[in-house]
2 protein chains.
Amino acid sequence: MREGPDIARIASLVGDPARANMLTALMGGTALTASELALEAGVSLPTASSHLSKLMEGGLLTLASQGRHRYYGLAGPQVAGMIEAITGVAASVGPQRVRPGPRDAAMRVARVCYDHLAGEQAVAMLDRLVDKKVLIRDDNEIRLGQSAASHFAALGIDVQSKARRPVCRACLDWSVRRSHLAGTLGAAILDKILLEKWARREKDSRAVIFSPLGKQAFERTFLA
Amino acid sequence: MREGPDIARIASLVGDPARANMLTALMGGTALTASELALEAGVSLPTASSHLSKLMEGGLLTLASQGRHRYYGLAGPQVAGMIEAITGVAASVGPQRVRPGPRDAAMRVARVCYDHLAGEQAVAMLDRLVDKKVLIRDDNEIRLGQSAASHFAALGIDVQSKARRPVCRACLDWSVRRSHLAGTLGAAILDKILLEKWARREKDSRAVIFSPLGKQAFERTFLA
DNA sequence: AGAATGCTTCGATGAAGGACGAACTATGCG
DNA sequence: CGCATAGTTCGTCCTTCATCGAAGCATTCT
C-alpha cells in the first residue's frame, strides 16, 4: 500500500457525472444554490443535496448561507485549477464529443471561466498580447514580458501578485482547443471589463455579452 | 445537461483507490509492469490487469511491450500535471493522514516525482534558488530570475523551453507540505544529478540515494 | 399564526463495477 | 518440446452508491 494524500477520495468526488457537472457549472465563478445546481446536473433536488454534502465534506466547496438560500461555490483557486487540469486531459484524450463547442453562440464568443474570460474573444486577446510581446508564451506556460508592468499599469491593473496564485496561466479553452489567459491577471482583466461596463454577464449563464461600444473599447484596448 | 469534455470519465478513472495507487506509483517516472503495479496497488494480478486496460482505454497510460514484459507509463506531462493537481487538493483539504510523510527515511530526503526531484533536498534547493533570486516565487508560481540563464548555463542546463511544458513550476511536496521545483528545469536538474552520478535511483523505489561525494557536490552547487 | 418556498434527511430500490479464482494465451528457456 | 513466467479473459459474487419519493426543518412572507 501507499501513503500520501488520499487522491482517490478527491478524484472519485469529481468522478460522478452529476457532481462533475456541478463543479463545471461552478467554474462560472458565481456561487449557485442547490436548486440551480440540481438543474445543471440534471438530477432531482434530494440527489443534488446529497452530492453537495459529499462535496462539502470533501472540502471542494464552500457554503454561504443567506437566509433561506444556500450558495455553494468552489473552495478556491486550487480546486479550480484541479478541475481545469482534469478538463484539459479530458479534452485532449477524450473521445471527441459530437458537438465541438458550446451550442450557444454567445457562449462561444465570450464566457466566464471561474474568474476570468474564456471564449473566442479571450483566445484572441491572449494571442494579441503574445504578439505584442506583452506576455511571453512557451506553449503551456505564460510569463510577463518586459513591457507587461507598464502596459497593464496604464489600464489600472497591477501585475504584482500578492495572492497565492500565479499571475498568469494558460487555461485550455475546450470550445476552440486553444488557450486563454487565467491567473490573477486574467481575473483582473475580467474585473475591468465588467467594471467599465464593456460587457455584462448573462443572468443564469456563463455567457458574457459585450455592448457595441464595449466591444469597440475592448478591441481597441486588447486587440489593437 | 452540460456539454464539453467528459471530465467525470477521467476523474472516475483516478477515483478508484487501486488505480490511484498505480498512477501515483507511475509518478516515479519509470514505466512499470503489470505485476509491479498490482503489488503497488495491493490487488491481485487479474484485478490490476482489468484496471490497467481501463486506464489505457481512458488514454491515461502508454504501453511499451518488450518480449513478455509490458511496461505501463503515464501518457505524458499533462496527465502527470493532473495527478499533481489532484494530489495538491487532496493534501490541502484531506483529513491529515496519520503518517505525515513517507515512512522510509531515504524517501523523505530525496525521491523522484515523475521526472524531477522531490523531498527535503529538493525543497531546500528551491528555497536556496529563490533566496539567491535565481528563481522568483510568487507563492505557487515560479519564474526565472535575471541571472537564471547564466546561472544554469554554467551547469550545462539550457533554460529555454522548447517542449510544450512550463520551464519551472511549483509541485507541492506532500511529505513536507512545501513546494519543490517541477517543469523542464526540474527535470533537467534531476538529469544532471543522475548523469554526474551524484546520486542513483534505488531499484524498485522512487528513492534517490546520494553518494557522500555526490551529496557534497549537490550542496556546493545548489545549496551554497 | 399559517402558508409557501428552499433545502435536507430518511428509506427503499436498483444498477454499476470492483474483487478474485480458474482457465486461457503468449513469450522465453533449457 | 515441455515447463515456467507474464499477462489477459471469463464468470461469479458482493459491496457500494446513485437515484427518487415522501416526510421533516428552517426561513420568509402575508
Side-chain angles (χ1 to χ4, degrees), chain A residues 1-2 6-26 30-73 95 203-204, chain B residues 1-2 6-26 30-73 95 203-204:
Chain A
M1 289 293 177
R2 322 211 96 250
D6 195 348
I7 120 173
R9 196 175 104 86
I10 300 300
S12 68
L13 281 174
V14 189
D16 175 84
R19 287 193 292 260
N21 283 336
M22 290 175 173
L23 291 168
T24 307
L26 290 172
T30 52
L32 300 172
T33 66
S35 328
E36 291 168 326
L37 288 167
L39 198 68
E40 286 283 348
V43 294
S44 73
L45 227 163
T47 305
S49 182
S50 154
H51 285 306
L52 288 169
S53 55
K54 280 172 192 169
L55 289 171
M56 283 296 295
E57 198 182 357
L60 267 51
L61 298 185
T62 53
L63 175 57
S65 284
Q66 285 181 20
R68 62 179 158 185
H69 293 272
R70 311 189 62 168
Y71 289 96
Y72 291 92
K203 173 106 175 113
D204 295 333
Chain B
M1 287 295 175
R2 322 211 95 250
D6 195 349
I7 119 172
R9 195 175 104 89
I10 301 300
S12 68
L13 282 174
V14 189
D16 176 84
R19 288 193 291 261
N21 283 335
M22 291 175 172
L23 291 168
T24 307
L26 290 172
T30 52
L32 299 171
T33 65
S35 328
E36 290 168 327
L37 287 167
L39 199 66
E40 285 283 348
V43 293
S44 72
L45 225 161
T47 304
S49 183
S50 154
H51 285 306
L52 287 170
S53 53
K54 280 173 192 167
L55 288 171
M56 283 296 296
E57 198 183 356
L60 266 50
L61 298 185
T62 52
L63 175 58
S65 285
Q66 285 179 21
R68 63 175 159 182
H69 293 273
R70 312 189 63 172
Y71 290 95
Y72 291 92
K203 174 112 174 104
D204 293 334

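Throughout, a chain's letter reflects where its sequence line sits, starting with A, and its residues are numbered from 1. All figures in this text were calculated on a predicted structure; none of them were measured in a lab.
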Reckon [X] touches a base, only the sugar-phosphate, or nothing at all at heavy-atom distances under 4.0 Å?
X	value
B/S53	nothing
A/Y72	sugar-phosphate
B/S50	nothing

Discussion item. Between B/T24 and B/A20 (side chain of the first, backbone of the second, donor and acceptor by atom type, cut-off under 3.5 Å), is there such a pair?
Written reply: yes
Fill in: A/R19 side-chain N/O to A/S12 backbone N/O, donor-acceptor pair under 3.5 Å
yes
d([atom1], [X]; [atom2], [N]) in whole Å:
X	N	atom1	atom2	value
A/L13	D/dT16	CG	C1'	14 Å
A/M22	D/dA18	CE	P	11 Å
B/M56	D/dT9	CE	P	12 Å
B/N21	C/dA19	CG	P	10 Å
A/E36	C/dC7	CD	P	8 Å
A/L45	C/dA4	CG	P	19 Å
A/L52	D/dT19	CG	P	12 Å
A/H69	C/dA4	NE2	P	17 Å

Worksheet item: Got a second to check how far A/L52's CG is from A/M22's CE, nearest 0.5 Å?
Response: 4.5 Å
Worksheet entry | Inter-residue atom distance B/L39.CG - B/N21.CG, 0.5 Å rounding | 11.0 Å
Given [N], is OP1 or OP2 found less than 4.0 Å from the side-chain N or O atoms of [X]?
X	N	result
B/K54	C/dG18	yes
B/R19	C/dG18	yes
B/T47	C/dC20	yes
A/H51	D/dC17	no
B/R70	D/dT8	yes

Worksheet item: Judged by modelled atom types alone, do A/S50 and A/T47 share a side-chain donor-acceptor pair under 3.5 Å?
Response: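 Judged by distance alone, the side chains do not pair up.
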Worksheet item: Hey, which of these two, A/P46 or A/D16, hits DNA chain D nearer its 5' end, going by closest nucleotide?
Response: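 Final value for this comparison: A/D16.
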